[in-house]
Amino acid sequence: MTTESAFETAQAQLRIAVDQLGLSENDWQTLSTPRRVLEVAVPLRRDNDKVEMYKGYRVQYSTTRGPSKGGVRFHPDIDLEETVALAMLMTWKCALTNLPFGGAKGGIAIDAATLSDRENERLTRRYTSEILPIIGPERDIPAPDVGTDERNMAWMMDTYSVNAGYSVPGVVTGKPIVLGGSLGRNSATGDGVAISTREALRARGINPVGATVAIQGFGKVGYWAAIALENMGLKIVAVSDVHGAVTGFKSVSDLWNHFLKNKNLDAPGTDRLTNEELLHLEVDVLIPAALSDAITGKTAPGIKAKIVVEGANAPTTPEGDAIMNDKGILVVPDILANSGGVIVSYFEWVQDKQNYFWDVEEVKTNLNSIMMKALYEVEAMAKDRKVTWREAAHMLGVSRVAEAHKLRGLYP
Ligand code: NAD
């Protein structure tokens, strides 16, 4: 059991940033309130003809700096509060990386693993049609998140386009390449986590070659982060999925190939650990890349890593954060560390608008330069204001949204 929800965590982080920036009560009111919240009922006809109703959400937290942008999550635990929290984080993340977007999030409270492909398609299309009035390339641009992938984005793009009467690739990002997706999008979040890890190691004076890493979560973020880090010369010593952790594998590619064939992580030579044991390994870097609230008042005291790089959104509660700060652990916060996904989503949106597509080197070079700028700004702000990297990242993101609010003024 955790004591704080993702929503309480996000609100607490915003409160700290507002106070540290010396913003007014009026600023707090506008910054702490989501702009638009939609809850929909999503009926699903199962393959056996049974009809079930699921709750779906789309939260547009902010549109002040541009159209709102954020993922679509299929997970049984999501609710409106968590969706608001994640949409809030997207807002600061887009501002921190200077993307011309506000923040959004959406999803359906369902376990994607229980869906056949046909059920998944029907559910995705019905959800898209329920939120259709408020999405669009100039309004709000969904993307994949936990439990969704490029197939879901293809169905969303098609449903939107059929209703528009023409092809609208820019309505979602994270699409298959042939439908206007971007090269480098699949690996983008993991690549960004790896760039963040490299820079955090530099800041701490640790040589990346041979540095050790444990990764919680072996999905889209965890897997690609592991591959990128291995290519940089780091040693991935343990990874986990929802069923627990393993250590002792030869390489990440070996483990992945075993996983694709057998649907488990028990490759030859591996030993099992619990997810908590993984969090407490003696490593240089710990990367939570699964769900919210992994690092709490209960799990943080046992962490021995020198650096924590948050691949997941909101993986740390304020209690867990305070414990890590007391222990002198350098934490690269989620809105910085996992921003690679939305940065390359931005590139995808730009390419769709221009109908001109970049090669993968251009994507990776531009991703690196946007992330490096944000990382240096956060490091400099943390040093200058004597705050943590998390506080610095929130101060930068929140201050840009507050400034945009002020410049646009209040209508009417
Ligand atoms: P995913 O569904 O591809 O993978 C999630 C992984 O976490 C899976 O390996 C799953 O087995 C594992 N997992 C689930 N519950 C777990 C538990 N209790 N303990 C250990 N492992 C568990 O999802 P993803 O896209 O990799 O997203 C992971 C996190 O990163 C989420 O918080 C998401 O919001 C965030 N994120 C994703 C992206 C992106 O581009 N996909 C971008 C930014 C942030």
Practice task
Test D293 against T317 for side-chain hydrogen bond (donor to acceptor under 3.5 Å, both in side chains), laying out the working first.
Solution key: CA-CA 6 Å; D293 298 345; T317 65; 5.9 Å; no

Practice task
Check the pair K55 / V42 against side-chain contact (heavy atoms from CB on, under 4.5 Å), numbers first and verdict last.
Solution key: CA-CA 6 Å; K55 278 190 177 164; V42 191; over 6 Å; no

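With T30 contributing its side chain and N26 its backbone, the two residues share a donor-acceptor pair below 3.5 Å. Using modelled atom types, one side-chain atom of N338 and one backbone atom of G311 make a donor-acceptor pair closer than 3.5 Å. Looking at K306, its side chain never comes within 3.5 Å of a backbone N or O of L286 through a donor-acceptor pair. Without hydrogens or angle criteria, T270 side chain to T247 main chain gives no donor-acceptor distance under 3.5 Å. Looking only at distances, no side-chain donor or acceptor of E310 sits under 3.5 Å from a matching main-chain atom of P333. Between the side chain of S187 and the backbone N or O of W224 there is no donor-acceptor pair closer than 3.5 Å. With hydrogens and angles disregarded, no donor-acceptor distance shorter than 3.5 Å links the side chain of Q11 to the backbone of E8.
Taking 4.5 Å as the limit, every side-chain heavy atom of V51 sits out of range of all side-chain heavy atoms of R46. Within the 4.5 Å cutoff, no side-chain heavy atoms of Y160 are placed close to those of W155. Side-chain contact check for L44 versus L115: some heavy-atom pair is nearer than 4.5 Å.
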Compile the donor-acceptor pairs under 3.5 Å between side chains in residues 66-77 and protein atoms, sequence neighbours left out, one pair per line.
| from | atom 1 | to | atom 2 | distance (Å) |
| --- | --- | --- | --- | --- |
| S68 | OG | R139 | O | 3.3 |
| S68 | OG | D140 | OD1 | 3.2 |
| K69 | NZ | I141 | O | 2.9 |
| K69 | NZ | T173 | OG1 | 2.8 |
| R73 | NE | D145 | OD2 | 2.6 |
| R73 | NH2 | D145 | OD2 | 3.2 |
| H75 | ND1 | D77 | N | 3.1 |

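Heavy-atom neighbours of R15 CZ from other residues, nucleotides or ligands within 6.0 Å: above the threshold of 12.
A side-chain contact (heavy atoms from CB on, under 4.5 Å) with I303 is found for exactly one of I323, L281, I295, namely I295. Considering Q351, E348, K175 in turn, Q351 is the only one that fulfils the side-chain hydrogen bond (donor to acceptor under 3.5 Å, both in side chains) rule with S182.
Between the side chains of S62 and R35, no donor N or O sits under 3.5 Å from an acceptor N or O.
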